[in-house]
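Just so we're clear, the structure is a prediction, and the values are computed from it rather than from any experiment. Throughout, a chain's letter reflects where its sequence line sits, starting with A, and its residues are numbered from 1. Computation of the quantities below employed the complete heavy-atom set of this structure, encompassing side-chain atoms and omitting hydrogens, waters and symmetry-equivalent molecules.
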2 protein chains.
Amino acid sequence: MRSFMQSVSETGYLPPLYQCWLNIVKSFFSSLSGLLIAVVLGPEIVIGWARIGNLLAESAFPAPSIAREGSLQQSHSGSRLAFRGGKRMGHTMREVAKRAGVSPATVSRVLNKTHYISVETERRVLEVVGQMKYFKNVHARRLATGRSDLFGLVISEIANPYFPEMIHGFQAAAWDRGFDVLLCNTQYDQARTKSILRKLIESDVRGVAVMTSSIDRSMASELIEAGIGVVFCNVSPAEKLLSTISIDYQRGIEQAIEHIVGLGHRCAAVIAGPDDNRTAITIKDALVAGLKKRDLHPLPVISSNYRIDAGASAVRAILSTPDKPTAIFCGSDLIALGAMSALEEAGAGIPEDISVIGIDDISFAFLARPPLTTIRVPRERVGATAFEALDRMLKLKRRKGADYYLETELVIRRSTTTAR
Amino acid sequence: MRSFMQSVSETGYLPPLYQCWLNIVKSFFSSLSGLLIAVVLGPEIVIGWARIGNLLAESAFPAPSIAREGSLQQSHSGSRLAFRGGKRMGHTMREVAKRAGVSPATVSRVLNKTHYISVETERRVLEVVGQMKYFKNVHARRLATGRSDLFGLVISEIANPYFPEMIHGFQAAAWDRGFDVLLCNTQYDQARTKSILRKLIESDVRGVAVMTSSIDRSMASELIEAGIGVVFCNVSPAEKLLSTISIDYQRGIEQAIEHIVGLGHRCAAVIAGPDDNRTAITIKDALVAGLKKRDLHPLPVISSNYRIDAGASAVRAILSTPDKPTAIFCGSDLIALGAMSALEEAGAGIPEDISVIGIDDISFAFLARPPLTTIRVPRERVGATAFEALDRMLKLKRRKGADYYLETELVIRRSTTTAR
DNA sequence: TTGAAAGCGCTAACAT
DNA sequence: ATGTTAGCGCTTTCAA
């Protein structure tokens, strides 16, 4: 509720009918300073009450309702012709207005549904818009309103199968609310990352979801200073303009370990992701801790990378340990798939000789042979939640961030079985 | 509505004056169902605040749900009238100019390196820019110059592993030239597609790469009429503002067939992509024609879809044909992987019992077990070429399109072997 | 309900 | 080499 109210306050969006209602209220209460009013129409339309506060303050309602006589006659309009200096612009609103015999303002109002316009006028305008195939110019709009309807989504590498579903979740959520998203891949490159951040600021995005570990809090400060909301993954805690989403690997990992223990395994290895990756480290630590707690020697523990052939060399190391483990926990499905390939090369049967557990549940996990037992990360939800987090935070008056949590869970397939 | 009103009036906090006002409002709006009204007085006094929340939660607002909010926001600070009407602009060029003691034009020239500026002036400007952490506003720039540095990339579904690398190729090429890209997924949805096209036009993109078969030439005419360059995949021929990229499946398919024939296969089946997909049809036709040419009975020929479990039912059909084929050509790797899973389920050994060939060479093809023999489509190149095509076309005075061709080639792995 | 006019922040002639 | 000025197309008061 509270956040709802704040969202009300920030939108500053006043549909027409209420304008009229507002006038009534205004005149009625003109003597009462400090009156704030909020109007909400259905779940969608919201009127800012802080805005109204502004109004009240600004105009102080000097008995506005009484029509003043002898109002100043404005000098007539210049009505100069808009000439387009050879640029390949489409039609402009002015042209539409002229053709429809109304003012540009009216066209704007029709197109944005910000005021009630007489049915007849509206019809005429829309007709002309259709005839001329007029499309409004987003940049002009953004400039005029001072706000953009863009969000940024920063990932490290689109080729990593971890991301597509997350992107989809984010984009779908954004589109649903009428926002566009600018997708940026850092490609793990510092220079590129820098320039991405600049681009995002220049593009005046409202918020940015940073879904890669290759950007840390400090790098995001530029965004925050620019008043842009940011949401991070697996970094706490929230603060002003900064929300976080934490994926709780714990639960899934615990389930996985129980599963493995239940199958009689006494010794498991870990192939973690790269050591310079926040998330990978979190996972590794959780894995090692969990394993120790259940008295499985997590040996060896190897760090790998997220390349698609990751794990191959790690597997060699594992197979050559004296105390050969009967299960391998992998820091990602990609690593697991790589490991499985390598294991097969080496003649180790999965799961007869060695069980393999992945993390993520990428779409190929179940197409692997044997289908991969893995810890599912709700990637689409992560994306959607990231957007929600931004959207919600930016509606708060103080734009204070929040921490979100998402669960993981074990998906048992056929890459795990009882220990030899 | 009614109950809300009641709840307000029942709070007992309602001073008579407002009661009266409330009555007016009630009568005024009683006809508008779904309208909710909250009244807040001054900074301190709040009417029906919590109650209103309840109501909203119950009736209109589908409770936020996801997570616990960081720290609860304070009861609204009330009287704060300071509200920035949605504009969170940073500094402007004018400000920079003033601070640096030059004109805005000079700042612009420095930042864009469009004119020689005295070293001293430039230094001063850049210093101020640094100090103020000034970022220029892309929208204003786009408006002023009348051109945007945006390109659109339309795909059907980001979750399809065919796309990520293509996206990467396109984006990388665009970024290299300083352009941004707006990525849009149609999700095979007509309405969505429509709105994407509109969005792209409104965003004044320079060009659009349409990499999905779910948009055809006619749908693109809107773009072209708006002066936006378009590049299509597997559609000929080029025309003004329309370039095409054709992936020559022929060659790869021929190689694949030679390969299969060379292995002694006499009978092959085909599992093609969906029948409503241009590319899928092209591939199917090429496959069937090629097979016939080499006297392999392409039987059965089945159409499938691009879902990840595609091919499962097709496999059943194939296994039940009397003249059981010893090889299966699949319209995509995804289909092939699905088919392989299904074959294994059915107890058919790959490749001993049946050879499988895919198309695309998605990154998982070589992680499949057995690694998939497939026809590689240079997806990254497709993306990069799409951008090139647009960029080049738009530089031409007549903006005449061109046709580009990309080759495919067979990649032999272990899912194919000699016929039984 | 509608119109007129003043910008939004930047660039690009045209001056100097 | 730098300043002035006039918009780009749209939204948004304010006025009617």
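The CZ-C1' distance, from Phe135(B) to dC10(C), rounds to 17 Å in whole Å. At whole-Å resolution of the value, CD in Glu202(B) and P in dG9(D) are 15 Å apart. Counting to the nearest Å, the P atom of dT2(D) and the CZ atom of Arg123(B) are 13 Å from each other. For Asp149(A) and dC10(D), the CG to P distance is 14 Å, given to the nearest whole Å. The distance between atom CG of Asn112(B) and atom P of dA1(D), rounded to the nearest whole Å, is 17 Å. One atom, CG of Leu143(B), and another, P of dG7(C), lie 17 Å apart when rounded to the nearest Å. Between the NE2 atom of His139(B) and the C1' atom of dC10(C) there is a distance of 13 Å, given to the nearest Å. One can place CG of Asp204(B) at 11 Å from P of dC10(D), the figure rounded to the nearest angstrom.
The pair Lys133(B)-Glu225(A) meets the salt-bridge criterion, since a charged nitrogen lies less than 4.0 angstrom from a carboxylate oxygen.
Contact annotation: side chain of Arg142(B) to base of dG9(D), donor-acceptor pair absent below 3.5 Å.
The CG atom of Leu111(A) lies 11.5 Å from the OG1 atom of Thr106(A); values are rounded to the nearest 0.5 Å.
Nearest nucleotide to the side chain of Arg141(B), out of dT11(C), dA4(C), dC8(D): dT11(C). With dG3(C), dG9(D), dT4(D) as the candidates, the nucleotide lying closest to the side chain of Ala105(B) is dT4(D). Closest contact between the side chain of Met93(B) and the listed nucleotides dC8(C), dT11(C), dC8(D) involves dT11(C). Comparing dT11(C), dT1(C), dT12(D) by their closest approach to the side chain of Arg109(A) singles out dT12(D). With distances taken from any side-chain atom of Ser103(B) to the nucleotides dT11(D), dT4(D), dT2(C), the minimum falls on dT4(D).
Considering only side-chain N and O atoms, Thr92(A) lies nowhere under 4.0 angstrom from the phosphate OP1 or OP2 of dG9(D). Remark: Thr145(B) is not in phosphate contact with dT11(C), judged by side-chain N or O atoms under 4.0 Å from OP1 or OP2. Checking the phosphate oxygens (OP1, OP2) of dC10(D), no side-chain nitrogen or oxygen of Ser108(A) falls inside 4.0 Å. Between Thr106(B) and dT2(D), a side-chain N or O to OP1/OP2 separation shorter than 4.0 Å is absent. Between Arg94(A) and dG9(D) there is no side-chain polar atom (N or O) within less than 4.0 angstrom of OP1 or OP2. Phosphate contact (OP1/OP2 of dC8(C), side-chain N/O of Asn137(B), threshold under 4.0 Å): absent.
Here the side chain of Ser108(B) pairs no donor or acceptor atom with the backbone of Pro104(B) at under 3.5 angstrom.
Residue-level contact check: Val107(B) touches neither bases nor backbone, having no heavy atom under 4.0 Å from any strand. Contact annotation for Thr121(B): backbone-only contact, meaning every heavy-atom pair under 4.0 Å involves sugar-phosphate atoms and none involves a base. Using a 4.0 Å heavy-atom criterion, one finds that Ser118(B) contacts the sugar-phosphate atoms exclusively.
A donor-acceptor contact under 3.5 angstrom links the side chains of Gln171(A) and Asn185(B), judged on distance only. Side-chain contact annotation: Asn112(B) with Arg141(B), donor-acceptor N/O pair under 3.5 Å present.
Between Lys136(B) and His115(B), the one whose closest nucleotide on DNA chain C sits nearer the 5' end is Lys136(B).
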For this session: Check the pair Ile228(A), Arg206(A) against side chain to side chain contact (heavy atoms under 4.5 Å, CB included), reporting the backbone distance first and the verdict last.
Result: CA-CA 5 Å; Ile228(A) 297 174; Arg206(A) 291 191 172 193; over 6 Å; no
